[in-house]
Colleague: 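Starting off with a structure, shown below.
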2 protein chains.
Amino acid sequence: MRLSTKGEYASRAMLELSLHHEEKPLHIRDISKAQDIPERFLEQILLQLKRAGYLRSRKGPNGGYYLSKPPAEINVAEVIRVMDGPLAPIDCVSVTAHEVCPHESSCGLKGLWKEVRDAVAKIMETATFEELAERTRAARAGRRRGA
Amino acid sequence: MRLSTKGEYASRAMLELSLHHEEKPLHIRDISKAQDIPERFLEQILLQLKRAGYLRSRKGPNGGYYLSKPPAEINVAEVIRVMDGPLAPIDCVSVTAHEVCPHESSCGLKGLWKEVRDAVAKIMETATFEELAERTRAARAGRRRGA
DNA sequence: CAATAGTCGACTAACTCAATCGACTTAGTG
DNA sequence: CACTAAGTCGATTGAGTTAGTCGACTATTG
């Protein structure tokens, strides 16, 4: 039930971009440093997120990446699906990857996997980057006040 | 967020053993056929489950595998952890694999991963093989009555 | 003692993951 | 207009994991 590092990096990058939304575009390098992600690897990830429509970019000096819509309109589930595919623990209960389950005899399990899928999807679909950015800002402020 | 085939096979095998609990031990071959799992691969899986204490076995004719305790006392989470390790999407929120998270700046995400882990764990820990076997029997009976 | 059935460790082929590289295109600056 | 900063793109790689196989061994029963 592991998340790939790509998925993790992608959500961290999206969070970083959300924190700086409506400022200048962010360089790959800056995101890379802020979130400690290998630059060359991050490049691929951002490109993939751009192709999926979540990011826009500008080339040349003062270029960089920025969100294509407000962070409140992007949730974690979409991002993870772009990077890692369906959220379901096994394909036959996936909403995005339909597949017929040939194992009638183990249908007792199928219901369970469905529950898991739904729970995970619900949590991740509810979490917007707006909210995550807010949580992060609050955590940082708390730390500065000395907790 | 995928389950490994090993984890899936293991839970199917445990379900099959639960369905025949308190009868004769089941041969690897019979489980393999009933649940459509490669025999030689299943062998490894059963051995691993045995070493973890969930199964016992008897050699020789009329031998086979059987549960070491009633299906009501075994839940899916344990089985998956034996095969695939921690349920958590990333290590820093795992209960079983403790690791320090060096990314203060992305703590907004940590809370989310924790929610996911807890939700998954709760569902899988609640599901016993007794219950799953019951569901399976009901589904089969329903199918026989012609639904 | 022959046949059955689990045990064990080694092995491998295929695949995925994480990451790197080089060459290219585009955009702004002096 | 030349230079440089920055994103784009495709290919490749190395390590590790996964899924599965194999052969030789041990224990049990009839």
Side-chain angles (χ1 to χ4, degrees), chain A residues 1-13 16-17 20 24-33 35-68 80 82-86 89-91 97, chain B residues 1-13 16-17 20 24-33 35-68 80 82-86 89-91 97:
Chain A
M1 298 298 300
R2 190 111 313 178
L3 199 64
S4 73
T5 36
K6 214 167 170 180
E8 200 206 324
Y9 287 168
S11 33
R12 294 229 302 269
E16 190 65 24
L17 285 160
H20 297 88
K24 299 274 142 200
L26 289 181
H27 304 326
I28 294 182
R29 178 160 321 129
D30 293 338
I31 304 176
S32 152
K33 278 181 187 154
Q35 291 289 339
D36 190 31
I37 301 169
E39 206 176 314
R40 244 29 226 284
F41 194 24
L42 180 59
E43 176 196 308
Q44 276 184 56
I45 293 168
L46 294 177
L47 208 45
Q48 206 169 332
L49 288 169
K50 181 188 172 173
R51 290 204 188 104
Y54 296 101
L55 300 180
R56 276 200 253 278
S57 63
R58 212 165 58 199
K59 293 187 175 186
N62 299 322
Y65 281 93
Y66 55 99
L67 300 178
S68 65
I80 297 299
V82 166
M83 306 311 293
D84 290 359
I90 65 178
D91 277 341
Chain B
M1 298 301 299
R2 190 113 311 180
L3 201 63
S4 73
T5 33
K6 213 168 173 181
E8 200 206 324
Y9 287 167
S11 32
R12 295 230 301 268
E16 190 65 25
L17 285 160
H20 297 89
K24 300 270 139 198
L26 289 182
H27 305 324
I28 294 182
R29 178 160 321 129
D30 293 338
I31 304 175
S32 151
K33 277 181 189 152
Q35 290 289 338
D36 189 32
I37 301 170
E39 203 175 318
R40 243 31 225 285
F41 194 25
L42 179 60
E43 177 197 306
Q44 277 183 54
I45 293 169
L46 295 177
L47 209 43
Q48 205 170 331
L49 287 169
K50 181 188 172 174
R51 292 205 185 104
Y54 296 101
L55 299 180
R56 276 199 253 278
S57 64
R58 212 166 57 201
K59 292 188 177 186
N62 300 323
Y65 281 94
Y66 54 99
L67 300 178
S68 64
I80 297 298
V82 167
M83 307 309 293
D84 290 1
I90 65 176
D91 278 339

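Convention: sequence-line order gives letters A, B, ...; per-chain numbering from 1. What you see below is based on every heavy atom in this structure, not just the backbone, and it leaves out hydrogens, waters and symmetry mates.
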Colleague: OP1 or OP2 of C/dC8 sitting under 4.0 Å from any side-chain N/O of B/Arg51?
Modeller: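 Answer yes for this pair, as a side-chain N or O of B/Arg51 is under 4.0 Å from OP1 or OP2.
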Colleague: Apply salt bridge (charged side-chain N to carboxylate O under 4.0 Å, His left out) to A/Glu16 and A/Arg12, showing your working.
Modeller: CA-CA 6 Å; A/Glu16 190 65 24; A/Arg12 294 229 302 269; over 6 Å; no
Colleague: Rounded to the nearest Å, what distance is computed from the NE2 atom of residue B/His27 to the P atom of nucleotide C/dT7?
Modeller: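 These atoms are roughly 14 Å apart.
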Colleague: Each nucleotide in nucleotides 17-30 of chain C should get exactly one letter: B, S or -. Can you fill that in based on protein heavy atoms under 4.0 Å?
Modeller: -BBBBB--BBBSS-
Colleague: Kindly indicate, with the supporting measurements, whether the criterion side-chain contact (heavy atoms from CB on, under 4.5 Å) is fulfilled by B/Lys6 and B/Phe41.
Modeller: CA-CA 9 Å; B/Lys6 213 168 173 181; B/Phe41 194 25; 4.2 Å; yes
Colleague: Base, sugar-phosphate or nothing for B/Arg2? Non-hydrogen atoms, less than 4.0 Å.
Modeller: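 No contact.
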Colleague: When all nucleic acid strands are considered with a 4.0 Å heavy-atom cut-off, which category describes B/Leu26: base, sugar-phosphate, or nothing?
Modeller: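 Touches sugar-phosphate only.
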Colleague: Counting any heavy atom closer than 4.0 Å, what does A/Arg56 reach on the DNA or RNA strands: base, sugar-phosphate only, or nothing?
Modeller: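 Nothing, no heavy atom under 4.0 Å.
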Colleague: Take the protein atom NZ of A/Lys24 and the nucleotide atom C1' of D/dA5, then report the distance between them rounded to whole Å.
Modeller: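 These atoms are roughly 15 Å apart.
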Colleague: Rounded to whole Å, how long is the line connecting atom CG of B/Asp36 with atom P of D/dA19?
Modeller: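 That distance rounds to 15 Å.
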Colleague: Picking from D/dC9, D/dA6, C/dT7, which would you name as closest to the side chain of A/Leu47?
Modeller: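 So the side chain of A/Leu47 is nearest to D/dC9.
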Colleague: Let me know the distance between NZ of B/Lys50 and P of C/dA5, rounded to the nearest Å.
Modeller: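 That distance rounds to 16 Å.
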Colleague: Rounded to the Å, how far apart are A/Ile45 CD1 and D/dG7 P?
Modeller: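 Those two atoms, CD1 and P, are 15 Å apart.
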Colleague: Can you list the residues that meet the salt bridge (charged side-chain N to carboxylate O under 4.0 Å, His left out) rule with B/Arg29, with sequence neighbours excluded?
Modeller: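 Once residues adjacent in sequence are excluded, the partners of B/Arg29 under the salt bridge (charged side-chain N to carboxylate O under 4.0 Å, His left out) criterion are B/Glu39.
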Colleague: Could you tell me whether A/Leu46 contacts a base, only the sugar-phosphate backbone, or nothing, with contacts defined as non-hydrogen atoms closer than 4.0 Å?
Modeller: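 Touches nothing.
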